[in-house]
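Report on one structure; see the data block that follows.
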Amino acid sequence: RLRIIANYLDNGNNKMAIQQADKLLKKHKDLHCAKVLKAIGLQRTGKQDEAYALAQEVAALEPTDDNSLQALTILYREMHRPELVTKLYEAAVKKVPNSEEYHSHLFMAYARVGEYKKMQQSISAQDENLSKTMFLPLAERMVEKMVKEDKIEAEAEVELYYMILERLEKYKEALDVVRGKLGEKLTSELQSRENKCMAMYKKLCRWPECNALSRRLLLKNSDDWQFYITYFDSVFQLIDESWTPPPEEEHSLEGEVHYSIEQAVKFIEERITEESKSSRPLRGPYLAKLELIRRLRYRGCNDEYKLGKMMPSCPADSPAVFLFQFISQLLAVIPLSAAAEGELALPSDIKALQQHLCVVQLSRLLGIYHAMEKKQKLAAVRELMLRYRHGLEFGKSCLKTELQFSDYYCLLAVHLLLDLWLEGEETAVWQCLTLLEEGLSHSPSNAQFKLLLIRIYCRLGAFEPVAELYSSLDAKHIQHDTIGYLLTRYAEALGHYAAASQSCNFALRFFHSNQKDTSEYIIQAYKYGAFEKIPEFIAFRNRLNSSLHFAQVRTERMLLDLLLEANISTSLEESIKSMSLSPEEDDIPWNDLRDNRDLTVLFNWDPKDRDIFEEHKKLSLEEETMWLRIRSLTLRLVSGLPTLSHTIQPKNSEKTAENGVSSKIDTIRSLLQQLEVAVDSGKKFLEQKIQYPVLGPPPTRMAGFFSNGSCQCQTSLFYLVSDIYELDTNGLEDSAEIQERIGNSFNSLVERLTDLFNKCKGDLIEVRDGTLKTHPSLLENLVFFVETISIALWVSSYCDSVLRPFKSNMQKKKKKKKESSLAMPPVFTHFLDYVAELQTLTSNVIDHIRGLEIILSALKLEELSLKDTLLLEEEKKFTKTVQGKVQSSYHHSVQEIGELLKKRLDTIKKLKI
């Protein structure tokens, strides 16, 4: 009968599984497994609370039959509660201490939740046989014993021994193991033994051996870059130490050692000579020569002989002339041919195109393009695009998934236009989008075109085309963490709420599956003896759990859910409960936050002084962390509102502290103080007026949050909560001062919200002198207005819940005393006036948004003649596409903001005491 229920569950027929389980339980009330299978059915049909109650009923009985334990394990996994599995098997092991299987399951359960200490204890509790089969002695003496008894047979055991010695910092002993007889077993990975030897030589600072081993490995494979780096490191270490080989002895354990610049230069030249004879071209030796020159220059060595006569010297007084001559020399050796005199000389084959492209990239890197005047830059853009279109001839047979050979000409042209845009040339940004869209039409798989389009569209405030572009990138696994910020930074900020929810879901799905998957990887690594991988998996899991992006997405997703649902489809209290939010709990690992963003994902040929510095990355992380703290505290303050709405004892009652409510208001006040500190830190940070490079990290929304007045509004609202709580505790009598304070707060809030609305006014898309200009800040201000008004309504709902009982009590008193002229406390009038003004203000904003929709719909951008002689006819169709996308995106944003505000207006209308 249990098999029948299990089959129903396997086939997804959960209702039948529940029915069959009920039938079976009527006959056998104490059949644990049937109860658990029923619980699985309940869990899968959305009845989580019933499923959990039934599971805990069985778990409390501490079952030891395998069927019940396995079924409970499946259920707890589906509930995402792996910690309950550990309790389950802890109880089972106590009852059946000799079961190897239960010990094994307990060990794996500890691995899933990262309880490493308990894992160790569980191993020592297991019998000797299980320890041997799982290769987990985790102690040096135990392995040494195995070595002495000649019991080490598997490679995994040697790996484990090496790991133990390395972690104990016994590097000499680890080296002896790898070089000795046991090291012969290390065969599963290519050069595993050599790599481990190299690692230990470095730890022991045995540079002669490092040098000799890397030299020997490069003789085998002259394209292995890691060994070139070790070779150079060791050569210069030996030079600095004035090392000389011992007389009449081997240079080192690994053979001959190079310990002078001359030997290093000769060795690299020999590798290049060898490479020239190779049937397969290798770039390693040539890159190695450049690396050697770079290191020698860094050390102040300008000896022509030592540098292999590769680099001409640059005169200090005229570097610009020298660079121009250097580029001219390079161009002179590239075979380019002009169809007629005075026409542009073009490459006749792919190799010549790639050589020319390389020189153009070098020109950009050396700052030659940056030194040009505006006219020269525009001429350079036209030339690069001409070369780009000519290069498309070579890629006619390319598949859609392949890049065109000349794609980077187009990208370089866009970079030049971006320079012009930053210098104030407004039309340049539209040309950027035009050229990138054209490039993408010829090379639909070019990720660089897509990434740059994403950045520029977002800068212009148009998110709609971005969602499709990001989706076509087909970001995989870890990329949701490294480049996901491109999407999540702008989706909500530009009013695309549905897309924001979706982009947060993408990221969160990856982070949550990672937590589950890495546990499985760790378990498999234990099972199959791949011990070396276990620390890597743990480090990977910790890195993602501490990810800045993970914390941001989690926080923003919850705020977004509250914005879209709280007091609309569900009450604020229900929304917060469903998210398991608590104002006291802060689950962000502030001290361990990791910035996993790839801030160099966009190709860049800017000179060093214009490139992204480490300082930019550091400042960006600091800014992101400050903004995250403000957002996290806002979320926790909102989550604290429903906790205050319960009945409060009068001020003289001793039960006030007991029922826990007084501590709740203390939490709110403490969070409010923390928010003030975070806001002050943010303001001080912004005083630095940091400008990130255009292709560098995007700034946060923090500057807009402060400048448009949202911050002051939201902070005032949370202070108002504290005043209302005080009124609730003290009662209406003897609270004239508090009531007056609340009335003043209401008035100032309406003024601040009106100021915020004024900062939302203006044309989102402006056409001036035939030039198109967008105003994304107005859109961001509108989004902040919607968020602030939502918080105002949640606070108003709390206020309503406090004032309503007071009013009903007063009406009862009025009836008893039969007095018609019982004076109404001023707080009621203040509140009703405030609600009426909120309603008027929100209606005005909705009317304004309706006006924006009409203006955006009426804009005839296709009739706009961009006054730019540079645009060719084929480019103009892409310009129209770009402008259409921006117009459509703004229209979409305004619609979504308007729809949400209408729902909020309905909520305001319900606020009647």
- Quick one: do Asp481 and Asn514 satisfy side chain to side chain contact (heavy atoms under 4.5 Å, CB included)? Show the steps, please. CA-CA 11 Å; Asp481 190 23; Asn514 155 67; over 6 Å; no
- Task: Check step by step if side chain to side chain contact (heavy atoms under 4.5 Å, CB included) holds for Asn596 and Arg543.
- Result: CA-CA 8 Å; Asn596 298 331; Arg543 183 180 171 182; 3.1 Å; yes
- Item | Residue pair Leu344, Leu336: steps toward the side chain to side chain contact (heavy atoms under 4.5 Å, CB included) verdict | CA-CA 9 Å; Leu344 193 66; Leu336 301 175; over 6 Å; no
- Please lay out, stage by stage, how Lys533 and Glu536 fare under the test salt bridge (Lys or Arg N to Asp or Glu O under 4.0 Å). CA-CA 5 Å; Lys533 297 296 170 195; Glu536 290 176 27; 3.7 Å; yes
- Item | Derivation of the salt bridge (Lys or Arg N to Asp or Glu O under 4.0 Å) call for Glu622 and Lys618 | CA-CA 6 Å; Glu622 195 180 335; Lys618 190 178 156 194; over 6 Å; no
- Message: side chain to side chain contact (heavy atoms under 4.5 Å, CB included), that's the test. Do Leu473 and Ile454 meet it? Break it down for me.
- Response: CA-CA 11 Å; Leu473 279 170; Ile454 286 171; 4.0 Å; yes
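In this structure a side-chain-to-backbone donor-acceptor pair under 3.5 Å is present from Tyr228 to Ser222. Judged by distance alone, with hydrogens and angles left aside, the side-chain atoms of Gln479 form a donor-acceptor pair with the main-chain N or O of Lys476 at under 3.5 Å. The closest donor-acceptor contact from the side chain of Asp223 to the backbone of Gly284 lies under 3.5 Å. In this structure, the side chain of Ser278 does not engage the main chain of Glu274 through any donor-acceptor pair within 3.5 Å. Under the 3.5 Å distance criterion, the side-chain polar atoms of Lys203 are left unmatched by any main-chain donor or acceptor of Lys172. Using a distance-only test at 3.5 Å, with no hydrogens or angles considered, a donor-acceptor pair links the side chain of Arg455 to the main chain of Gly696. Remark: the backbone N or O of Ile483 is not paired with any side-chain donor or acceptor of Asp598 at under 3.5 angstrom. Of the possible polar contacts, one joining the Ser214 side chain to the Cys210 backbone as a donor-acceptor pair under 3.5 Å is found. Formation of a donor-acceptor pair under 3.5 Å by the Ser445 side chain with backbone atoms of Lys400 is found in this model.
Ring geometry for Tyr408 versus Phe603: interplanar angle over 60°, hence perpendicular rather than tilted (30 to 60°). The aromatic rings of Tyr521 and Phe537 are tilted relative to each other, their planes meeting at an angle between 30° and 60°.
Atom CG of Leu282 and atom CG of Asn221 lie 7.5 Å apart (nearest 0.5 Å). Atom CG in Asp407 sits 9.5 Å away from atom NE2 in His442 (nearest 0.5 Å).
Under a 4.0 Å N-O distance rule, the pair Arg206/Glu254 does not qualify as a salt bridge. A salt bridge links Lys196 and Glu532; the closest N-O separation between the charged side-chain nitrogens and carboxylate oxygens is under 4.0 Å. Taking a cutoff of 4.0 Å between a charged side-chain nitrogen and a carboxylate oxygen, Glu269 and Lys266 do not qualify as a salt bridge. Under 4.0 Å is where a charged nitrogen must lie from a carboxylate oxygen, and between Asp240 and Arg299 at least one such pair does. Using a 4.0 Å cut-off between a side-chain N of Lys or Arg and a carboxylate O of Asp or Glu, Lys617 and Glu614 qualify as a salt bridge.
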Taking only distance into account, with no hydrogens and no angle test, what donor-acceptor pairs under 3.5 Å do side-chain atoms of residues 346-362 form with protein atoms, sequence neighbours excluded?
residue: Asp349; atom: OD1; partner: Lys351; partner atom: N; Å: 3.3
residue: Asp349; atom: OD1; partner: Ala352; partner atom: N; Å: 2.7
residue: His356; atom: ND1; partner: Tyr409; partner atom: OH; Å: 2.7

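The closest side-chain donor-acceptor pair between Gln404 and Tyr388, if any, does not fall under 3.5 angstrom. A donor and an acceptor atom, one from each side chain of Arg541 and Ser519, are located under 3.5 Å apart. Of the N and O atoms on the side chains of Glu624 and Tyr485, not one donor lies less than 3.5 Å from an acceptor on the other residue.
Applying the salt bridge (Lys or Arg N to Asp or Glu O under 4.0 Å) test to pairs two or more places apart or on separate chains, those with a residue in residues 358-370 are Arg364-Asp419, Arg364-Asp606.
Considering Trp243, Phe267, Phe236 as possible partners of Tyr259, the one that fulfils the ring-ring contact (aromatic ring centres under 6.0 Å, His included) test is Trp243.
Ring centroid separation for the pair Phe405 and Phe394 does not come in under the 6.0 Å cut-off.
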